[in-house]
Amino acid sequence: MPEGHTLHRLAREQQRQFAGLPIEVSSPQGRFEAQLVDGRVLDSVSAYGKHLFAAFGDRIVHVHLGLYGKFTSGIGEPPEPRGALRMRWTAPSGWTDLRGPTACEVLAPSEAEAVVARLGPDPLQRGADGTRAFERIRRSRAPLAGLLMDQQVLAGVGNVYRAELLFRHRLDPYRPGREVEAATWATVWSDLIALMRAGVRSGRIVTTEAADRVRPSRRVVRDDAHYVYRRHGLPCRIDGTLIQMQVLAGRKLYWCPTCQA
DNA sequence: GCAAAATGTCAAG
DNA sequence: TTGACCTTTTGCA
């Protein structure tokens, strides 16, 4: 379930559980050069967009989960390694396992900085500058739906947030970037920050009105969490029109053709 | 038991 | 624009 909120949540959890401790690092699968950081003290874990950075002195473990990468973790002794286990951390405070990432590599600090330099503003970063994204959007005649997913425009937004964000603001996914008003963008940007922060808190993406009244104790039914994402062929929650789906740049785009005309 | 799908990215043509 | 890649889970026989 990796959009930006997932990575920021992971960074926080790993920071809390492992930072300041020497970590036993291994790669049962053998596809990660664990010996480069094995036994080093973990200084800090941070996230930018969908990227995770774990600093072991001057060696940075860079992880990108891709479409189905996943961390699992626990306290006490780790379980016997099963399946394709790319990276395992073991410490007195517990363990964490990583499977299926697109990237899991050791970088020099300058290389890690270069990764971030290629990305647009991350709404989850304190002081993130939404106008930087808008400048790129305004210069493009590409559909807004595609621009929102472009990590060089905006870092951390994936297929769920883009579909839901467009719906919440009644925006036509195919509107060219250059036709988006500054005032519209300002509203969209601040809404995106709120949505993604809620995502970090709850660990999942909830964009329906239930998301507006954040009450952790009150569980939202999974089915109600989205307006349009993966609701192809079902009636729009607002006006009953059937939700449409179309593949755009290789990804499934969902929208309500009347609400978002 | 096997194919398809999944909140992603990159490189080739 | 397409295919390749990383792995697990789901759905259908």
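Values below: all heavy atoms of this structure, side chains included; hydrogens, waters and symmetry mates excluded. Throughout, protein chains are lettered first and strands after them, A, B, ... in sequence-line order, and every chain is numbered starting at 1.
Looking only at side-chain heavy atoms (C-beta outward), A/Val157 and A/Leu165 stay at 4.5 Å or farther from each other. Put simply, the side chain of A/Arg136 reaches to within 4.5 Å of the side chain of A/Arg139, judged on heavy atoms. Side-chain contact check for A/Pro101 versus A/His64: every heavy-atom pair is 4.5 Å or farther apart. Here the side chains of A/Tyr174 and A/Gln260 are not in contact, with every heavy-atom distance at 4.5 Å or above.
The main-chain N or O of A/Asn159 is never found under 3.5 Å from a side-chain atom of A/Arg251 such that the two would form a donor-acceptor pair. At distances below 3.5 Å, not a single donor-acceptor pair connects side-chain atoms of A/Glu33 with backbone N or O atoms of A/Val106.
In this structure, A/His62 places its NE2 atom 12 Å from C1' of B/dG8, rounding to the nearest Å. At whole-Å resolution of the value, CZ in A/Arg9 and C1' in B/dT7 are 15 Å apart. Following rounding to the nearest Å, A/Asp97 (CG) and C/dT8 (C1') show an atom-to-atom distance of 14 Å. Protein atom CG of A/Leu248 is 8 Å distant from nucleotide atom P of C/dT1, rounded to whole Å. Atom-to-atom, CD of A/Gln29 to C1' of C/dT7 comes out at 9 Å; the value is rounded to the nearest Å. Straight-line distance from the CZ atom of A/Arg162 to the P atom of B/dT9: 12 Å, rounded to whole Å. One atom, NZ of A/Lys50, and another, P of B/dG8, lie 4 Å apart when rounded to the nearest Å. The CZ atom of A/Arg86 sits 10 Å away from the P atom of C/dT8 (whole-angstrom rounding).
Ring to ring, A/His5 and A/Tyr161 are close: their centroids are under 6.0 angstrom apart.
For the P atoms, the distance linking B/dC10 with C/dT8 amounts to 23 Å, nearest Å. Separation of the P atoms belonging to B/dT7 and C/dG11 is 15 Å when rounded to the nearest angstrom. C/dC5 sits 14 Å from B/dG13 when the P atoms are compared, rounded to a whole Å.
The pair A/Arg162-A/Asp150 fails the salt-bridge criterion, with no side-chain N (NZ, NE, NH1 or NH2) lying under 4.0 Å from an Asp/Glu carboxylate O.
Between A/Arg237 and A/Asp224, the closest heavy-atom pair is NH2-CA, 3.8 Å.
The A/His5 side chain lies nearest to B/dT7 when the options are B/dT7, C/dT7, B/dC10. Nearest nucleotide to the side chain of A/Met149, out of B/dG8, C/dT7, B/dT9: B/dG8.
Both tests do not hold together for A/Arg132 against A/Phe134: distance to the six-membered ring centre under 6.0 Å, angle to the ring axis within 45°.
At C/dT7, none of the side-chain N or O atoms of A/Lys70 fall inside 4.0 Å of OP1 or OP2 (strictly under the cut-off). Regarding contacts with the backbone of B/dT9, a side-chain N or O of A/His64 is found under 4.0 angstrom from either OP1 or OP2.
Interface residues of residues 100-109 of chain A facing DNA chain C, ordered by number: A/Gly100, A/Thr102; criterion, heavy-atom separation under 4.0 Å.
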What pairs of nitrogen or oxygen atoms, one from the protein and one from nucleotides 4-6 of chain B, lie under 3.5 Å apart?
{"from": "B/dA6", "atom 1": "OP1", "to": "A/Arg230", "atom 2": "NH2", "distance (Å)": "3.3"}
{"from": "B/dA6", "atom 1": "O3'", "to": "A/Tyr229", "atom 2": "OH", "distance (Å)": "3.2"}

